[in-house]
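Read through the structure below, which is laid out as C-alpha cells, and then see the notes.
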Amino acid sequence: MATLTAVPPETHEPAVPHRRRFFEPRYLILFGAAVVVAYLALVPVGTMLIASLRSTFLGIGPDTWTFGNYVRTFTASGFGALVANSFGYAAATALVSVVLGFGLAWLVTRTNTPAKGFARIAALVPLIIPGILNTVAWALLFSPQTGPLNQVLRAVHLPIFDIYSLRGMIFVQSTHVTPIAYLMGVAAFTSMDSSLEEAALSSGARPVRVFRGITLRLVRPAILAAALLMFIQTISTFEVPQLLGVPNHTFVFVSRMYDALQSFPADYGTVAVIGVFVLVIAAVGLIVSQRMTKRSPTQTVTGKGFRPKVTDLGRWRWPAFAVFVVFFLVTVVLPLAMLLWSSLLPTYRPPSLAALRSLSLRNYLTLFDTPSLLDSLRNSAITALSAGLIVTVLTAVVAYLTIKTRIRGRWLLDGLATVPIAVPSIVMGVGVLYWYLAAPLPLHLYGTLAILIVAFVTIGLPYGMRYLGPGISQINDELEEAASASGAGWAQTFRRIYVPLLMPSLLAAFLYTTIVAFREISAAIFLYSQNTEVMAVKVYDLWSNGDYSTVAALGVVMVLLLTAVVGVVRLISRRFALEHT
Amino acid sequence: MIKLTGLVKRYPGRTVANNAVDGIDLEVAEGELVTLLGPSGCGKTSTLRLIAGLERPNSGEISINGEVVAGPGCFLGAHRRPIGIVFQSYAIWPHMTVLENVMFPLRVGRHRGRKAESRTRALAALDGVGLADLADRPAPALSGGQQQRVALARALVREPTVLLLDEPLSNLDAGLRDRMRDEIRAVQQRLGITTVFVTHDQDEALAVSDLVVVMNGGRIVEQGLPQEIYTWPRSEFTARFLGVSNTMTGTVTALDGAVADIAVASGTLRCRACEGIEPGSRVSLFLRPESFRLSRRQHDENDWAGTIAFSIYQGDCWDYHVTLAGETVKVRVYREKVGLAHGDTVYLRPDEDAVIVMPESGRAPVVTALREPRTSR
C-alpha cells in the first residue's frame with residue numbers, strides 16, 4: 001500500500017465498503033421491497049399501454065404494433081355519446097357533491113349550527129357503506145313500481161323519479177361521494193385563518209362581500225381540487241354505471257369496458273384503449289389537483305392552531321340544522337334502512353303494516369346455508385387481510401427507505417408507491433388481468449385468490465404510504481441513532497424502536513387497507529372466477545340474478561363487518577393516543 | 001484516546017468544494033474533554049457523527065484507543081463502537097420507562113447482560129445522575145432537565161471509552177443550562193472519560209473544556225486551552241466568534257520587545273506585540289467592549305475623545321456606542337449607577353493587556369454567523 005501513496009485516498013476507498021454494504025441484509029430487504037413496488041406499480045399500467053398498441057392482443061393471428069385500436073375505438077359510432085355520457089355524469093356528480101360538501105363544511109366549521117357531531121358520522125359513511133350497497137339500496141328505494149320513495153311521489157301526484165337514467169346515476173353517485181367532498185371542505189375551512197376575513201370586515205366590507213371576495217377565493221383551490229378528485233373517482237368506478245346505466249343502455253367508459261370484455265369474442269384492444277383514455281384523464285386530473293392544493297394560499301397558513309371565527313346564523317341555525325338531518329337521512333339512514341327492511345322479507349314488498357307480519361330472519365339463515373356465499377365471505381376475508389398485511393409491511397419499508405435513508409433513487413421509489421393513486425381501480429383490474437393472461441410466467445395466477453391480492457395490494461399502496469409516511473417522519477432520527485449508539489444492530493433497532501413507536505400507524509394502515517380491499521369491486525369484477533368471488537362481487541352477481549332479498553341480507557352482514565373493523569380502529573387509535581400523551 | 005486523520009465528509013448532492021468536514025486532524029487525549037466550537041454549518045456535528053459511526057467518512061481515518069474504526073476499507077457502525085452519545089433532542093424513547101431506556105444498551109448488541117444484572121447497573125447509572133427514584137416513570141413524563149440526565153445515564157451505562165455530546169444544553173432554559181453544564185463536567189471528571197462536546201455557545205465551551213477546537217467551513221481554525229483561545233485568539237474568525245466586536249486597523253509605529261505602539265484613526269495605543277509584525281507594518285486590532293476605560297474627563301493626552309451615540313442599560317452594566325474619529329466602538333461599563341446620554345463627550349483608553357493584535361490579513365475571513373440561535377440545530 002505504501003507504494004500507492006500517489007493515488008488519492010478517496011479514489012480507491014469506496015469500492016470495498018460499498019460492495020460489502022450492499023450485501024448486508026438491511027440493503028437486501030430494502031432492495032427487495034423496491035423491486036416489488038416497482039413491479040406492482042408499473043406492470044398493470046405498462047401492460048395496458050402495450051395492449052392498446054397491439055393488433056390482436058390475447059387473440060389469434062399475427063400480433064403487430066399498431067394504432068388501429070385507437071382509430072377504431074375513436075371512430076366507432078357511439079363513441080361521441082360515450083364520451084359525452086361519461087363526462088356529463090362525472091362532471092355533474094363532481095359539481096353536486098362539491099357544492100353540497102363544501103356548503104355543509106362551511107356550516108359546520110364557520111357557523112354556530114348545532115351539527116358538529118355530523119363531522120364524525122360523515123367520516124364513517126364512505127367506510128362502512130360500500131358503493132355497491134349504496135347503489136343497490138337506492139335502486140330499491142327508487143324502484144319504478146315498488147320503490148317506497150316513488151310510491152310517496154305517486155301518492156302526492158308527482159312524476160316518479162327514474163333511477164335507471166343519467167340523472168339517477170348522478171344522484172346515487174353524489175350520495176356516495178358527498179361525504180368525501182365534505183371532509184375535504186372541513187379540512188380546507190379549518191386550516192384557513194379567519195383573521196383574513198376579519199381584516200376584510202374591518203376594512204368596511206359587508207359580510208356577503210367578505211364571503212365572496214375572501215372566503216370563497218381562499219378556498220377556491222381546495223374546491224377545484226376536490227371537484228377534480230370527485231370527477232376522477234366517479235369516472236372510474238364500476239357499480240353505479242353498471243347497475244343503473246346499463247339496463248337503460250346508458251353506457252359510460254367503465255360499463256363499456258366491462259361490456260367489451262363480456263362479449264364474445266372479447267375486444268381486448270378497445271378495452272385497453274378506453275382504459276388508457278381513463279388513465280390519462282385520471283393522471284392529468286390528479287396532477288392538476290395536486291398543483292392546486294400545493295399553491296393554495298390556505299396551505300401557507302396551516303400548522304398553526306387557528307380557532308376559526310364562528311358566524312352567528314341567528315334564526316337560520318335551525319333550518320341549517322335541518323339540512324344536516326336531511327344529509328344524514330339520505331347518506332346513511334335511508335340506504336341502511338332499505339337494506340335492513342329488504343333483508344327481513346322473503347320477497348321484496350314495500351314497507352307497510354301488512355308486510356311487518358312477514359318479517360323473518362330466513363334470508364340470514366339462507367346465507368349461512370349457501371356454500372357459495374360462505375365462500376365469498378372467506379375469500380373476502382383472506383384477500384382483504386392478506387392485502388392489508390402485505391401493504392403494511394411493504395409501505396413501512398418503503399417509507400423508511402424514502403424518509404430515513406439517503407439511498408440514491410429513493411424519490412423514485414416514493415413516486416412509484418404513489419403511482420397507483422392515479423390509476424383508476426378499473427384500469428388496475430384490467431391491467432392486472434391482461435398481464436397475468438399474457439405474460440409467460442411460471443405461475444398461473446389467473447383464477448386464484450392471489451391475483452386479487454396482487455390487485456388489492458397495488459391499490460392499497462398509496463393508502464399505506466399515507467399512514468406510514470407521516471408516521472415514520474414523526475420519529476426523530478436521533479431515536480434510531482441513539483439505539484445504534486447503544487450497541488443495537490439494525491434489526492434490533494427496527495424491532496425495539498421503530499415497530500413499537502409506529503404501532504398506531506401500522507395498525508391504522510393495516511385496517512384501512514383491509515377495508516379498502518374488502519369493499520373493492522371495480523378491479524375485482526375483472527379478476528374473479530368461479531371459485532374466487534369476493535363479497536362485493538357476489539352482491540353484484542346476486543343483484544344481476546334478481547335475488548334482492550339475499551343481496552340485502554349479505555349487504556347488512558357486510559356493513560356490520562365493516563362497522564366492527566372501523567370500531568376496532570377507533571378503539572385502538574384511542575388507546576394509543578392515550579398512552580402517548 | 002481519539003485520533004482523527006485527514007477526515008473528509010461530503011453529503012451527496014453537494015460539490016466537492018463544499019465538504020461538510022474538510023480534512024480534520026485532531027487528537028483527543030485520554031480523559032480530556034474537548035469542545036468543538038463553531039457557527040452552524042461549520043462541520044462540528046458532522047465530525048461528532050463521524051466519530052460516533054453515524055456517518056461514513058469519504059476519506060480519512062478515525063481510531064479510538066488505537067483501534068481503527070473507520071478508514072480505507074474498514075468501517076464499524078455506531079453499534080460496534082465503544083461510545084455513548086447524548087443528542088441535542090436527548091432521543092429518549094417515548095415508548096419505554098426511564099429504567100427501560102437506560103437498560104437498553106445493556107440488553108442489545110453482542111455482549112448482552114442478564115436482566116437482573118442489567119437492571120442493577122442501570123439503576124446505578126440513574127443514581128449517578130440523581131434519578132433513581134424516577135426509574136419506573138414513563139419517559140415522556142419527564143422535564144427537559146430530567147430527560148437530559150436520563151440521556152446521560154443511558155450514554156454512560158455501558159461504560160464506553162468515549163462520550164459524545166451533541167449540543168446537549170441547547171434545549172434547556174438559561175438557569176438549568178448552567179447547572180447541567182457543571183453537572184456534565186463533574187461527571188466527566190469523576191469518571192475520567194474521554195469526551196467530545198459540540199456546541200455553538202462560547203461560554204459553554206470555555207466553561208467545561210480542557211481543549212477548545214474552533215471550527216469553520218469544515219476545518220479547524222485553531223485549538224487551544226480555553227483561556228488562551230479567549231484572551232489571545234490567533235485568528236480574526238476566533239476573535240469575532242468569541243465576541244470581540246470592535247475591529248480597527250492601524251500601523252505599527254514602534255516595537256520594543258514585547259510591546260508595540262500602534263497608530264489608529266482615533267489616536268495611538270500601546271499593546272502586547274505578536275509574531276510577524278515590525279515597525280511600519282499594517283495590523284488588525286480587536287478590542288472587547290469591556291476592555292476600555294471610559295471617563296468624562298481627559299486623564300492622559302493619549303486618551304481618545306468621542307461622543308456617546310446611544311446608550312443601553314443592561315442592568316449589571318451599560319453598553320455605549322461611542323463615536324470616535326469617523327468610527328463607532330462599542331464599550332461596556334460595569335458598576336456604574338448613572339449612565340451617560342446621547343451627545344455626552346467621553347474619553348476612552350484601551351486596556352493594554354486586552355488588545356488583540358494580528359498582522360493584517362489580505363482578505364479578512366468572512367464570518368457568516370457570530371452566534372446561532374440556541375433553539376436551531
Side-chain angles (χ1 to χ4, degrees), chain A residues 1-2 4-5 7-21 24-27 404-411 474-506 576-581, chain B residues 5-6 8 10-13 16 49 52-61 70-75 77-96 100-112 138 140-141 151 154-155 157-158 160 164 166 377:
Chain A
M1 285 304 276
L4 285 176
T5 42
V7 181
E10 291 170 48
T11 51
H12 66 236
E13 179 266 329
V16 179
H18 275 176
R19 194 173 307 139
R20 199 171 53 205
R21 265 161 84 185
E24 281 172 28
R26 167 185 184 183
Y27 287 90
K404 293 293 181 189
T405 69
R406 289 199 293 253
I407 290 175
R408 236 166 274 178
R410 59 189 189 281
W411 59 271
Q474 273 171 11
I475 297 178
N476 190 332
D477 290 358
E478 292 183 347
L479 293 175
E480 179 186 359
E481 291 168 358
S484 186
S486 302
W490 185 66
Q492 270 173 329
T493 307
F494 207 84
R495 189 166 55 82
R496 301 207 34 189
I497 307 297
Y498 268 107
V499 171
L501 285 175
L502 269 182
M503 202 36 97
S505 314
L506 288 171
F576 275 100
L578 275 181
E579 266 183 13
H580 279 278
T581 44
Chain B
T5 323
V8 172
R10 59 178 166 267
Y11 293 107
V16 182
R49 293 170 61 83
L54 296 169
E55 304 283 353
R56 201 178 275 262
N58 293 89
S59 69
E61 195 177 276
C74 107
F75 179 79
H79 60 292
R80 286 157 68 193
R81 296 189 187 183
I83 53 154
I85 181 164
V86 174
F87 290 95
Q88 186 173 19
S89 69
Y90 317 136
I92 301 297
W93 299 304
H95 58 297
M96 301 182 185
E100 282 166 350
N101 262 281
V102 181
M103 270 173 72
F104 186 88
L106 301 172
R107 302 281 297 150
V108 295
R110 292 185 172 175
H111 311 286
R112 248 171 263 190
R154 187 178 66 188
V157 72
R158 263 202 314 169
L164 304 170
D166 182 12
R377 245 203 93 181

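To find a chain, count down the sequence lines: A is the first, B the second, and so on, and within it residues start at 1.
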Run the side-chain contact (heavy atoms from CB on, under 4.5 Å) test on B:V86 and B:L164 for me, step by step, so that the C-alpha distance in whole Å, both residues' side-chain angles and the decisive distance to 0.1 Å come before the verdict. CA-CA 6 Å; B:V86 174; B:L164 304 170; over 6 Å; no

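Heavy-atom distances place the backbone of B:I92, and not its side chain, under 4.5 Å from chain A. Using a 4.5 Å cut-off between heavy atoms, B:I83 touches chain A through backbone and side chain atoms alike. B:R80 does not touch chain A: none of its heavy atoms, backbone or side chain, sits under 4.5 Å away. Contact annotation for B:R154: only side-chain heavy atoms (C-beta onward) come within less than 4.5 Å of a heavy atom of chain A.
Ion pair A:E481/B:R49 flagged as a salt bridge, since at least one NZ, NE, NH1 or NH2 atom sits closer than 4.0 Å to an Asp/Glu carboxylate oxygen.
Under a 3.5 Å cut-off, the side chain of A:K404 and the backbone N or O of A:I475 do form a donor-acceptor pair. Although no hydrogens or angles enter the test, the distance criterion places a donor-acceptor pair under 3.5 Å between the side chain of A:E478 and the main chain of B:S89. Under the 3.5 Å distance criterion, the side-chain polar atoms of B:W93 are left unmatched by any main-chain donor or acceptor of A:I497.
When A:G489, A:S486, A:A488, A:A485 are compared by the number of non-hydrogen pairs under 4.5 Å with chain B, A:S486 comes out ahead.
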